[in-house]
Amino acid sequence: MRSYNLLSLLVLCVSSVLALTPTITRRAPDAECTVTASGGDDAPHFLSAAQNCDVVVIPSGTTLDIQTRLNMTGLSNTNITLQGTIRFNPDIDYWTGNGFFIPFQTQITFWLLGGENIVMNGGGTLDGAGQAWYDAFASNSSLLRPIILTVFQAENVLIENISMLNSPEWHNLVSMKRKMWCIPTSLSMPKSTSDNFIANTDGWNTYRSDNVVIKDSNIVNGDDCVAFKPNSTNILVSNLNCDGSHGISVGSLGQFPGMFDIVRNVTAVNIRMSNAQNGARIKAWAGQNVGSGIVQNITFKNFIMNKVDNPVVIDQCYMTAADACAEFPSNTFIQDIFFTNISGTASGSKVASLACSPDGRCSDINVDGLDGLKAGSGKTTFTCQNVVLEGESAKLFPTCTDTSND
Ligand SMILES: *[C@@H]1O[C@H](CO)[C@@H](O)[C@H](O)[C@H]1NC(C)=O
Ligand SMILES: *[C@@H]1O[C@H](CO)[C@@H](O)[C@H](O)[C@H]1NC(C)=O
Ligand SMILES: *[C@@H]1O[C@H](CO)[C@@H](O)[C@H](O)[C@H]1NC(C)=O
Ligand SMILES: *[C@@H]1O[C@H](CO)[C@@H](O)[C@H](O)[C@H]1NC(C)=O
Ligand SMILES: *[C@@H]1O[C@H](CO)[C@@H](O)[C@H](O)[C@H]1NC(C)=O
Ligand SMILES: *[C@@H]1O[C@H](CO)[C@@H](O)[C@H](O)[C@H]1NC(C)=O
Ligand SMILES: *[C@@H]1O[C@H](CO)[C@@H](O)[C@H](O)[C@H]1NC(C)=O
Ligand SMILES: *[C@@H]1O[C@H](CO)[C@@H](O)[C@H](O)[C@H]1NC(C)=O
């Protein structure tokens, strides 16, 4: 049940008649509100509509100009029908000082979307207006760049039929109490009109999230297509086209001292991975002064690779020098991993690399149906360290049958 202030409603309706300040038009009794551009900062109108209306429509042809941060938490039964565009005004000084701070990996975000029973669909676009960010980042590599959308402590969220473009940095961060579906969405590679490199444009990142489904989407980007960050459980990723990415990645995990990271029950299935640095990947830190954790029950199944540098990867020495790794092996344990039915071509000769820390830190690693995975050039090569494969798995990796290999 919603209550709303009739007077303010009236004011909104009246003001929407005045051509210069169209804001929110509400149609009783179904509480559907239309939000159009005001000519100034549209964040307050959009926020108020989301808090007060069952259905918020941003019509086709409308571009909302978001100049101030959107704290859209605490929603309940809210549908956002985005047919037009939401564009985040690239006022760098404003956002670096006022974007919502996310301590994990030192991030900020334009938009916190949270609460329960939230739908966002309609065929519209979230535009991160990234060019100013790419140019500013080129001269300040510690610049905080905002994530477009952070789904924050939410329950039952459906995001479908939305495009995202020109992300300053990560496209999405998902931190869910329970259940999110994302079907289908399209993320397009930010295009820089200058020579400046566009870094860290992860597609979807899950963090402290349970029960997330991401499927039927096209993701063209320049960093992880989907990454399962600390404490991601029961995640299904299916039917994705990932182009240009750094892979479907578990991690990186075990980065921060004193933290224990869990990733459990993840399935990634029916993935087409093209022009990518990695395909199916698990990455965990080793060395001194890092964290710990567990990666358990992860399945990568039915992947088709096309020009992928490292199609199948376990790296338990991520971002760590080899000597540090040998002295201080990873305390993020990796168990019950299945790489199944992975085909296509690598960029070079290496098709799979399973590099684990010693002393049983990787166990029950299974590869099956990788026969169709070929080198793009040279002799097809599988490598491994500290992994013991058995049965079918061992046939492809003849050197991985005992722990003395290197
Ligand atoms: C967002 O708004 C909610 C509810 O008004 C408030 O409790 C919360 O502190 C705000 N979050 C941030 C990060 O400002
Ligand atoms: C919100 O969207 C969902 C999914 O499309 C739909 O089932 C539901 O009826 C919508 N709610 C309202 C109030 O229109
Ligand atoms: C996406 O939204 C557009 C515009 O509302 C609509 O025409 C189209 O059918 C939707 N597509 C899907 C897959 O829902
Ligand atoms: C670089 O960005 C950081 C973080 O946003 C900021 O604190 C710092 O002042 C910026 N440096 C310069 C030289 O602008
Ligand atoms: C993950 O969950 C475990 C167990 O609840 C907790 O101890 C740990 O602090 C959590 N880690 C993160 C990064 O939230
Ligand atoms: C993993 O899935 C199993 C089987 O459905 C379930 O029993 C277990 O609780 C799940 N683990 C987590 C961490 O959710
Ligand atoms: C492993 O995770 C999958 C979901 O990805 C789940 O269906 C399955 O039950 C889990 N297995 C175990 C043994 O927990
Ligand atoms: C293997 O994966 C390919 C590509 O996704 C799929 O077409 C094929 O049906 C899969 N084979 C099996 C046995 O599942």
Side-chain angles (χ1 to χ4, degrees), residues 32-36 55-64 79-86 118-127 155 157-165 174-188 204 206-219 226-241 248-251 253 259-271 280-282 292-303 332-342 362-368:
E32 177 179 298
C33 303
T34 299
V35 182
T36 56
V55 179
V56 178
V57 180
I58 297 145
S60 163
T62 294
T63 297
L64 297 187
N79 284 15
I80 300 172
T81 308
L82 176 62
Q83 294 158 347
T85 298
I86 296 175
I118 300 167
V119 176
M120 178 158 67
N121 58 13
T125 301
L126 303 178
D127 181 354
E155 247 177 277
V157 174
L158 170 64
I159 298 178
E160 60 179 355
N161 201 10
I162 294 291
S163 300
M164 302 180 85
L165 47 85
V174 173
S175 180
M176 296 295 295
K177 278 197 270 187
R178 207 164 63 86
K179 283 217 171 84
M180 179 182 99
W181 299 265
C182 169
I183 46 172
T185 51
S186 139
L187 273 48
S188 48
W204 291 92
T206 61
Y207 173 66
R208 294 185 176 161
S209 278
D210 187 40
N211 231 311
V212 175
V213 175
I214 297 171
K215 63 177 190 172
D216 304 335
S217 300
N218 276 321
I219 300 179
V226 180
F228 314 103
K229 305 282 191 192
N231 291 18
S232 293
T233 48
N234 304 305
I235 316 269
L236 173 64
V237 170
S238 82
N239 198 21
L240 300 189
N241 263 316
I248 304 274
S249 301
V250 172
L253 300 182
M259 296 303 286
F260 188 80
D261 298 341
I262 299 170
V263 175
R264 274 204 173 108
N265 293 3
V266 172
T267 297
V269 61
N270 300 337
I271 310 289
R281 171 163 72 149
I282 297 175
S292 59
I294 177 118
V295 178
Q296 189 174 32
N297 184 26
I298 314 294
T299 299
F300 298 98
K301 191 174 166 184
N302 302 354
F303 276 55
T332 301
F333 283 66
I334 299 178
Q335 301 172 357
D336 311 327
I337 310 298
F338 303 86
F339 295 101
T340 305
N341 184 25
I342 297 182
C362 271
S363 56
D364 194 22
I365 311 294
N366 304 274
V367 291
D368 184 24

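Starting from 1, each residue takes its place in the sequence as its number. Predicted, not measured: the structure shown is a model, and the values here were computed from it. Start at 1 and go down the list; that is how both ligands and their atoms are numbered.
- Atom 9 (O) of ligand 6 is not flagged as protein-proximal [any protein heavy atom, distance under 4.0 Å].
- Contact annotation: for N297 versus ligand 6, there are no heavy atoms closer than 4.0 Å.
- Every N/O-N/O distance between Q83 and ligand 3 stays at or above 3.5 Å.
- At a 3.5 angstrom cut-off on N or O pairs, R264 does not count as close to ligand 6.
- Only the backbone of V266 comes within contact range of ligand 7, with a heavy atom under 4.0 Å; no side-chain atom does.
- Put simply, the side chain of Q335 does not reach to within 4.5 Å of the side chain of D364, judged on heavy atoms.
- Atoms of ligand 3 lying under 4.0 Å from any heavy atom of N161, numbered from 1 in the order shown and given with element: 1 (C), 2 (O), 3 (C), 8 (C), 10 (C), 11 (N), 12 (C), 14 (O).
- The CD1 atom of I235 lies 10.0 Å from the OG1 atom of T267; values are rounded to the nearest 0.5 Å.
- Counting heavy atoms from C-beta on, the side chains of T34 and P59 come closer than 4.5 Å.
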Check against side chain to side chain contact (heavy atoms under 4.5 Å, CB included), F228 and V295: CA-CA 10 Å; F228 314 103; V295 178; over 6 Å; no
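- Of the listed options L236, T233, T267, T267 places a heavy atom closest to atom 4 (C) of ligand 7.
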Worked check of side chain to side chain contact (heavy atoms under 4.5 Å, CB included) between W204 and I159: CA-CA 12 Å; W204 291 92; I159 298 178; 4.3 Å; yes
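- Rounded to the nearest 0.5 Å, atoms CD1 (I262) and OG (S292) are 9.5 Å apart.
- Of the protein's non-hydrogen atoms, the one nearest atom 11 (N) of ligand 6 is N265 ND2, 3.1 Å.
- R264 places none of its side-chain heavy atoms less than 4.5 Å from the side chain of N297.
- For atom 14 (O) of ligand 7, a protein non-hydrogen atom is found at a distance below 4.0 Å.
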